[in-house]
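Since the structure is predicted, the reported quantities are computational estimates derived from the model, not experimental observations.
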Protein chains: 2
Amino acid sequence: MSERQDPYRFASSRFEVVYRLAVAPGEAEARARAIALEQTVELPDEVVRDPAIREHVIGRIETLELPSPGEALATISYAVDTAGADLIQLINVIFGNTSMQPGVRVESLGLPEELLDGYPGPRFGCNGIRERLGVTGRPLLCTALKPMGLSPVALADMAYQFALGGIDVIKDDHGLADQDFAPFEERVERCVAAVERANHETGARSIYAPNVTASGTQTLARARFARRAGAGAALVIPGLVGFGTVQELAGDSATNIPLLTHPAFLGGFVASPGAGIAHDVVYGTLPRLAGADATIFANYGGRFSFSRQACLGIAQAAAAPLGRLRPTIPVPAGGMVLAQVPELLEAYGVDVMLLVGGDLHRGGPDLAHNARAFRQLLIGHSPPIP
Amino acid sequence: MSERQDPYRFASSRFEVVYRLAVAPGEAEARARAIALEQTVELPDEVVRDPAIREHVIGRIETLELPSPGEALATISYAVDTAGADLIQLINVIFGNTSMQPGVRVESLGLPEELLDGYPGPRFGCNGIRERLGVTGRPLLCTALKPMGLSPVALADMAYQFALGGIDVIKDDHGLADQDFAPFEERVERCVAAVERANHETGARSIYAPNVTASGTQTLARARFARRAGAGAALVIPGLVGFGTVQELAGDSATNIPLLTHPAFLGGFVASPGAGIAHDVVYGTLPRLAGADATIFANYGGRFSFSRQACLGIAQAAAAPLGRLRPTIPVPAGGMVLAQVPELLEAYGVDVMLLVGGDLHRGGPDLAHNARAFRQLLIGHSPPIP
């Protein structure tokens, strides 16, 4: 701890956030300035006296548009070194306190190379998952072990049947934690063994993705356990553990398996138009920055109310060029039925993982049979290899 | 890993969640049933065949009221063993996937002793913080080190002045992370030393609370560092790291200092009426279950738009009887000015910590002087000891 000789020089590089504001006439500039202060110095404008802090640290209004009455689009830039390679601090600068304000929504992010360089992103990405599974040229198949309340033996039997039926990725339902009725370690060991047994019979390489979401440092411990036990991937819920935990898992050498993120408890940010954060940022850009190899989200036309446009925006954000980050594979889910498969393949193209859960149970108790129907439907309607 | 002999028997004890729903005529029961399924089995009703799971695991609609046209209040109970002592799994069962649905808000929780027994809650609580500070009979004073962009030397000088002026708890602004301009460890060491120096002069026992919020397991590492370095408390942002991380810190013997939770990035749940979670649950009950000794929230009449009623509800939830959990001290904040102090003391009573930040900078550059003015105002208007 030595006294600093020279004053710190802030980096000139900045990242941008576009906020959509509900504003009264003439109020737009004051509202934008309030956000620029709130997200940085948290002080009234007039008491920030340091010139370097005024110039570099306070958010800078880059553009302010009034697309329609009562609405403003403010692009505010922030110095890269207010956040750096720390994803949760980046999220904090983007929307920490302002999330508590009504009538403001994060519409998009503009992230420069200087910032993106600090984010390795997905370790496997879409192609890495394909390699693990040995699957090219068609979308991937995913389902969930459910319902909550089943024993590890019953869940493992279900995993076996799904793998036998040709499902690529068999994940825990996100409500499976470490409950007494299905303790984490026993569940992981049984399900891994069951999927391996099925792979031995089919010659395929299906993988099991246990839910490693847990309190504090236990998430990392569970992810490492999953890897040691032979799980091919892991499921984690950033809404409950924070995106920083996903970031840590994605960089952890003792984890080193693909990560699927689950959308639960992030709904607060997307359930109300005009507030929160755009769907493609919450379920596309942020998981990808965190290093998610696959991002699960609530598809249009299922049990949730995400629009088709929002969902395609998520898929776009997961795959579009973003520094050197690998693409994250989008995983539409949430009450999808087999009848939707053709339309979904047309909408998302080949680089998608379709997650059908409940509908595989509707076809009767032979889950391997139902899984095969899903697989055949998907293969029959797969788009041509681009 | 042994084969289970008997089927698992679900506990009979249940916890309750009251959801407020925006509903079309005649739709209330179907919506409530959909939540009961979504938050547990995530399957269509007709394919859940196991009688024990139907009876115990699927959420049970206890009451369904229609208080006004277009609105329903559904009380749904869940088996305690779907969540147990795992706070983030409890949050997951309460609102994980349903958070993505529009028109549904968590209004209140009913938590039985069987569940609360798994939650030690605040280690210090309101009285424990008072003991550390040596302060009884008056509300507590809190301020923040700001703005982001200052060096550790400048922040420590500010901490010294605030402690000299009699502020009880001097916390990092929540935007201070581990940036190059104010690295975490150097900042903590300097600020701890500065506050100790002031305490030596005043004879008081002011404490410094660094922001330990970080990615993944680094939060725990920073909290332990803060304790070793002599910090009297720590600040953590559950919206960024998850409530489970707070729970872990609160139970960690190598941390063992009071925890203040900060409200940032939980705004998604409170910024829209009719969606999200009631303020008193987000900023009262959940931090207390996690073990927060003090809960900071955006006060009415400041920069944010929480209502007076919502804020008093938070203070109530922080202190009302809840199993054996100690009370969490409420910390209203967010643009409060000194002129509000008398009214705030009347509203919150003696067991409150008032956080005034920016307004202490408005009174000119002598921060110790400004702090003394805050302190005198508070002492002059303190409610009589109950």
I'd like to know if the side chain of [X] reaches the main chain of [Y], judged simply by a donor and an acceptor atom lying under 3.5 Å from each other, with no hydrogens or angles considered.
{"X": "B:N370", "Y": "B:L360", "value": "yes"}
{"X": "A:T213", "Y": "A:I237", "value": "yes"}
{"X": "B:Q179", "Y": "A:T82", "value": "yes"}
{"X": "A:E248", "Y": "B:T217", "value": "yes"}
{"X": "B:Q89", "Y": "B:G84", "value": "no"}
{"X": "A:R362", "Y": "B:E46", "value": "no"}

Measuring heavy-atom distances to chain B, does [X] have an atom under 4.5 Å in its side chain, in its backbone, in both, or in neither?
{"X": "A:F297", "value": "neither"}
{"X": "A:V241", "value": "both"}
{"X": "A:I88", "value": "both"}
{"X": "A:L249", "value": "neither"}
{"X": "A:L240", "value": "both"}
{"X": "A:R49", "value": "side chain"}
{"X": "A:I277", "value": "side chain"}
{"X": "A:A79", "value": "neither"}
{"X": "A:E42", "value": "both"}
{"X": "A:V57", "value": "side chain"}
{"X": "A:H174", "value": "both"}
{"X": "A:T219", "value": "neither"}

What verdict does the side-chain contact (heavy atoms from CB on, under 4.5 Å) test give for B:H361 and B:L367, after you've listed the backbone C-alpha separation in whole Å, the side-chain angles of each residue and the deciding distance to 0.1 Å? CA-CA 7 Å; B:H361 295 256; B:L367 296 178; 4.1 Å; yes
Of all of [options], which one pairs up most often with chain B through heavy atoms under 4.5 Å apart?
{"options": "A:V104, A:V270, A:V47", "answer": "A:V47"}
{"options": "A:A271, A:G103, A:G242, A:G96", "answer": "A:G96"}
{"options": "A:A275, A:G276, A:S305", "answer": "A:S305"}
{"options": "A:T245, A:L43, A:L220, A:V246", "answer": "A:L43"}
{"options": "A:I91, A:D86, A:D252", "answer": "A:I91"}
{"options": "A:G175, A:A11, A:P273, A:P365", "answer": "A:G175"}

Residue selection (most heavy-atom pairs with chain A, distance under 4.5 Å) from [options]:
{"options": "B:A264, B:S99, B:G274", "answer": "B:S99"}
{"options": "B:I58, B:D81, B:V93, B:L266", "answer": "B:D81"}
{"options": "B:A298, B:P263, B:A144", "answer": "B:P263"}
{"options": "B:P44, B:G357, B:G216, B:G335", "answer": "B:G216"}

Please determine, by modelled atom types, if A:T98 and A:Q39 share a side-chain donor-acceptor pair under 3.5 angstrom. yes
Going by the ring pair (Phe, Tyr, Trp, His ring centres under 6.0 Å) test, name the single residue among B:Y78, B:F10, B:Y8 that passes it with B:H56. B:F10
Below 4.5 Å from any heavy atom of chain A, which atoms of [X] appear? Answer side chain, backbone, both or neither.
{"X": "B:L150", "answer": "both"}
{"X": "B:A214", "answer": "backbone"}
{"X": "B:Q101", "answer": "both"}

Can you say whether the rings of A:H279 and A:F306 are parallel (under 30°), tilted (30 to 60°) or perpendicular (over 60°)? perpendicular
Using the ring centroid of each side chain, check whether B:F269 and B:Y283 are separated by less than 6.0 Å. no
Does a salt bridge link B:R54 with B:D45, judged by any charged N lying under 4.0 Å from a carboxylate O? yes
Does any part of the side chain of A:R190, heavy atoms only, come nearer than 4.5 Å to the side chain of A:L155, both counted from C-beta? no
Exactly one of A:D178, A:D173, A:D172 clears salt bridge (charged side-chain N to carboxylate O under 4.0 Å, His left out) with A:R187, and that residue is A:D172
side-chain contact (heavy atoms from CB on, under 4.5 Å) assessment of A:H262 paired with A:N211: CA-CA 9 Å; A:H262 188 280; A:N211 177 22; over 6 Å; no
